[in-house]
> 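Please find one structure pasted underneath; my questions will follow.
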Amino acid sequence: MLVNLILLGAAKPPHIIFMVADDLGWNDVGWHNDQMFTPNLDNMARAGVILNSSYVQPVCTPSRNCYMTGYYPFHTGLQHAAIFPNQPEYLPARFTTLPQKLKQLNYTTHMVGKWHLGFCDWKYTPTYRGFDSFMGFYSGREDYYTHMIGNTRDWNGYDFRFNTSVHRPPDGEYSANVITARAIEILDSVDPVNDQLYLYLPFQSVHAPLQVPQQYEDMYANISTKARRTYCGMVSALDEAVGNITSALRDRGFMDNALIVFTSDNGGATNIAANNLPLRGSKTTLWEGGTRGAAFVYSDNLLNKTGYTNNELIHAVDWFPTFLTLAGGAPDAGMDGVNQWPTISSGAPSARSEFVYNIDDIDNNAAIRVGQYKLIEGSPGQFNGWTPLPPLTASDMATASFPQYQLFDIEVDPTEHNDIANDHPDVVSKLVNRLNFHKATMVPSNMQAADPASNPDNFGGNWTPGWC
Ligand SMILES: *[C@@H]1O[C@H](CO)[C@@H](O)[C@H](O)[C@H]1NC(C)=O
Ligand SMILES: *[C@@H]1O[C@H](CO)[C@@H](O)[C@H](O)[C@H]1NC(C)=O
Ligand SMILES: *[C@@H]1O[C@H](CO)[C@@H](O)[C@H](O)[C@H]1NC(C)=O
Ligand SMILES: *[C@@H]1O[C@H](CO)[C@@H](O)[C@H](O)[C@H]1NC(C)=O
Ligand SMILES: *[C@@H]1O[C@H](CO)[C@@H](O)[C@H](O)[C@H]1NC(C)=O
């Protein structure tokens with residue numbers, strides 16, 4: 001042990017900045033699509049490591065579950081869908097979260113942005129789940145300026161907090177700016193040399209509703225579709241936020257020992273305005289367009305190999321053990337995630353050759369990747385096409401009927417044009433067996449009916465814990 005410490009020299013565990021974009025499409029970043037204006041993201045992606053086979057869940061809550069626990073959502077009961085604000089659902093308290101683990105290693109842990117892992121009881125909210133501070137919203141979507149969820153009677157509530165208190169940012173301030181200002185305030189409160197920071201930044205951008213200050217939309221004046229123009233502006237506002245936070249990290253001396261990870265939480269919603277081309281499908285689907293995230297890692301000095309595209313398999317559950325190992329901890333045996341630091345830092349082969357896209361016991365669909373092959377069981381979901389821009393065609397919208405099993409060779413056919421199940425019954429049966437092995441370990445989906453006790457009218461107009 002002593003020898004190890006000496007060999008490692010005086011190196012302290014790094015600051016970890018984990019940036020999550022919401023509903024960002026595969027083709028909505030500058031390093032995939034040169035019509036996107038995302039210079040801050042592009043520069044870090046190109047100078048760092050572009051993660052080209054980095055997988056996430058088809059929707060928000062399940063991906064955030066992976067980041068927080070290192071377990072697949074079919075092991076936590078969160079596999080079916082995003083949590084609506086009136087549903088008494090949550091990340092079960094029996095799971096120790098990544099920030100709780102990092103706190104045991106003396107990290108200071110802060111979160112700014114979207115939680116979306118349940119809030120019906122205080123014990124499920126960020127400051128009770130390992131974060132020293134939290135500014136943001138508990139639910140999954142809201143207005144970018146007013147922080148109101150919906151405008152019907154049951155939904156009309158305010159959702160924005162600083163720690164546990166209702167917080168009202170200056171009137172009319174756009175959420176990307178609010179999140180950036182708070183992130184920089186945190187940097188001012190942490191000592192870059194003596195403290196170790198875990199900063200979790202799940203941005204509201206670029207989830208619906210489509211809202212952005214006019215100046216960002218104007219950057220895309222030559223895009224004729226209003227929804228797409230606004231959406232692209234939202235992406236550029238996110239890019240500016242990332243640029244401002246990165247500059248602040250550098251100005252304050254954090255970049256001498258920092259790892260930045262950027263990822264989308266799921267594919268883009270093609271029915272709203274996102275673009276996952278050339279990948280197939282949309283957010284909510286098991287297609288690559290729903291599950292393959294735009295992602296990169298960047299560091300000034302912690303990566304041994306940089307400036308390239310890494311095609312090794314990485315899954316959202318892997319960030320927990322990767323970060324925990326970097327911080328000096330050891331992940332629990334049996335965790336679904338694996339430490340990918342050798343892959344990310346040096347381009348070593350992935351620590352995994354298999355992952356489960358999802359097992360949904362309510363929709364009765366599932367998918368698994370083993371080596372180059374992907375098996376999809378049941379319908380992959382709605383929005384099945386290769387759609388460039390809205391409005392979608394009727395055939396994109398249709399819930400097509402699919403064979404019970406589809407097989408794709410993702411290495412030669414990443415766009416999922418050719419179902420080869422009939423040509424390879426042996427591979428199908430091998431992957432069905434692997435999928436069934438995982439199904440045997442599934443926890444049933446904990447989906448709950450909406451509870452009227454959640455109504456913000458009961459809490460002075462705010463979405464508030466205390467009803468489960
Ligand atoms: C729109 O303008 C940008 C920047 O000038 C350019 O890169 C892009 O090709 C243009 N797009 C179209 C559809 O003309
Ligand atoms: C954390 O800090 C405490 C108090 O300074 C110290 O006793 C403990 O050894 C530290 N733990 C680690 C893992 O560094
Ligand atoms: C939230 O908690 C952090 C950490 O304890 C503290 O620095 C900050 O002042 C708190 N904010 C409010 C509004 O209480
Ligand atoms: C980034 O910083 C500039 C300069 O301070 C500021 O004008 C802009 O609003 C900031 N953008 C965001 C998203 O915080
Ligand atoms: C990234 O992945 C896509 C889809 O699999 C593939 O077509 C492309 O060649 C990869 N890019 C690089 C640079 O390896």
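Residue indices begin at 1 and follow the sequence shown. Note that ligands are numbered from 1 as they come in the structure, with each ligand's atoms numbered from 1 the same way.
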> If you apply the rule side-chain contact (heavy atoms from CB on, under 4.5 Å), what do you find for Met234 with Tyr144, and how did you get there?
CA-CA 11 Å; Met234 293 165 76; Tyr144 280 74; 3.2 Å; yes
> Looking only at distances, please establish whether an N/O atom of ligand 4 is found under 3.5 Å from an N/O atom of Asn177.
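Yes, there is a polar N/O contact under 3.5 Å.
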> Within a distance of under 4.0 Å, is there any protein heavy atom near atom 9 (O) of ligand 4?
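For atom 9 (O) of ligand 4 the answer is yes, since some protein heavy atom falls inside 4.0 Å.
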> Consider only side-chain N and O atoms of Asp318 and Thr322, and report whether a donor and an acceptor are under 3.5 Å apart.
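No, no side-chain donor-acceptor pair sits under 3.5 Å.
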> Just jot down the ligand 4 atoms closer than 4.0 angstrom to any heavy atom of Glu240, in number order.
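This gives 1 (C), 8 (C), 9 (O), 10 (C), 11 (N), 12 (C), 13 (C) as the contact atoms.
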> Among all protein heavy atoms, pick the one closest to atom 3 (C) of ligand 4 and tell me residue, atom and distance.
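Among all protein heavy atoms, the one nearest atom 3 (C) of ligand 4 is Asn244 ND2, 3.6 Å.
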> Is there a donor in the side chain of Asn310 and an acceptor in the side chain of Tyr308, or the other way round, less than 3.5 Å apart?
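Side-chain D/A pair, Asn310 to Tyr308: present.
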> Which heavy atom of the protein is the closest neighbour of atom 7 (O) of ligand 5, given with residue, atom name and distance?
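The answer is Pro414 CG, 4.3 Å.
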> Can you check which of Asn163, Ile186, Thr164 brings a heavy atom nearest to atom 11 (N) of ligand 3?
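Ranked by closest heavy atom to atom 11 (N) of ligand 3, first place is Asn163.
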> What's the shortest heavy-atom distance between Asp28 and Asn275, and which atoms?
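So the minimum-distance heavy-atom pair works out to OD2-N, 3.2 Å.
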> Mind checking whether Arg292 has a heavy atom under 4.0 Å from ligand 5?
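So Arg292 counts as touching ligand 5.
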> Does one side chain, of Gln214 or Asp218, offer a donor that lies under 3.5 Å from an acceptor on the other?
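Looking only at side-chain atoms, Asp218 and Gln214 do form a donor-acceptor pair, the distance falling under 3.5 Å.
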> Considering only the protein, which heavy-atom contact is closest to atom 14 (O) of ligand 5, and what is its distance?
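For atom 14 (O) of ligand 5, the nearest protein heavy atom is Asn311 ND2, 2.8 Å.
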> How far apart are the closest heavy atoms of Arg141 and His207, and which atoms are they?
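Minimum heavy-atom contact is CB-CE1, 3.6 Å.
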> Would you say the ring centers of Phe119 and Tyr124 fall short of 6.0 Å from each other?
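For Phe119 and Tyr124, the ring centres are not under 6.0 Å apart.
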> I'd like to check whether Asn52 has a polar contact with ligand 5, where a contact means an N/O of the residue lying under 3.5 Å from an N/O of the ligand.
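Between Asn52 and ligand 5 (N or O atoms, distance only) the closest approach is under 3.5 Å.
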> Is the distance between the ring centroids of Tyr55 and Tyr357 under 6.0 Å?
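Yes - the distance between ring centres of Tyr55 and Tyr357 falls below the 6.0 Å cut-off.
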> Is there at least one protein heavy-atom neighbour under 4.0 Å from atom 5 (O) of ligand 3?
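Yes; the ligand atom in question has protein heavy-atom contact below 4.0 Å.
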> Within a distance under 4.0 Å of any heavy atom of Thr309, pick out the atoms of ligand 5 and give their elements.
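Here the atoms of ligand 5 in question are 12 (C), 13 (C), 14 (O).
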> Taking 4.0 angstrom as the limit and counting only heavy atoms of Asp132, give me the atoms of ligand 3 inside it, by number and element.
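By the 4.0 Å cutoff, the relevant atoms are 2 (O), 4 (C), 5 (O).
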> Is Trp26 close to ligand 5, meaning an N/O of one under 3.5 Å from an N/O of the other?
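No: no nitrogen or oxygen of Trp26 is under 3.5 Å from one in ligand 5.
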> Counting only heavy atoms not in Lys103, do more than 12 fall under 6.0 Å of its NZ?
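Count over threshold, so yes.
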> For atom 13 (C) of ligand 3, what is the nearest protein heavy atom, given as residue, atom name and distance?
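For this ligand atom, the closest protein heavy atom is Phe162 CD1, 3.4 Å.
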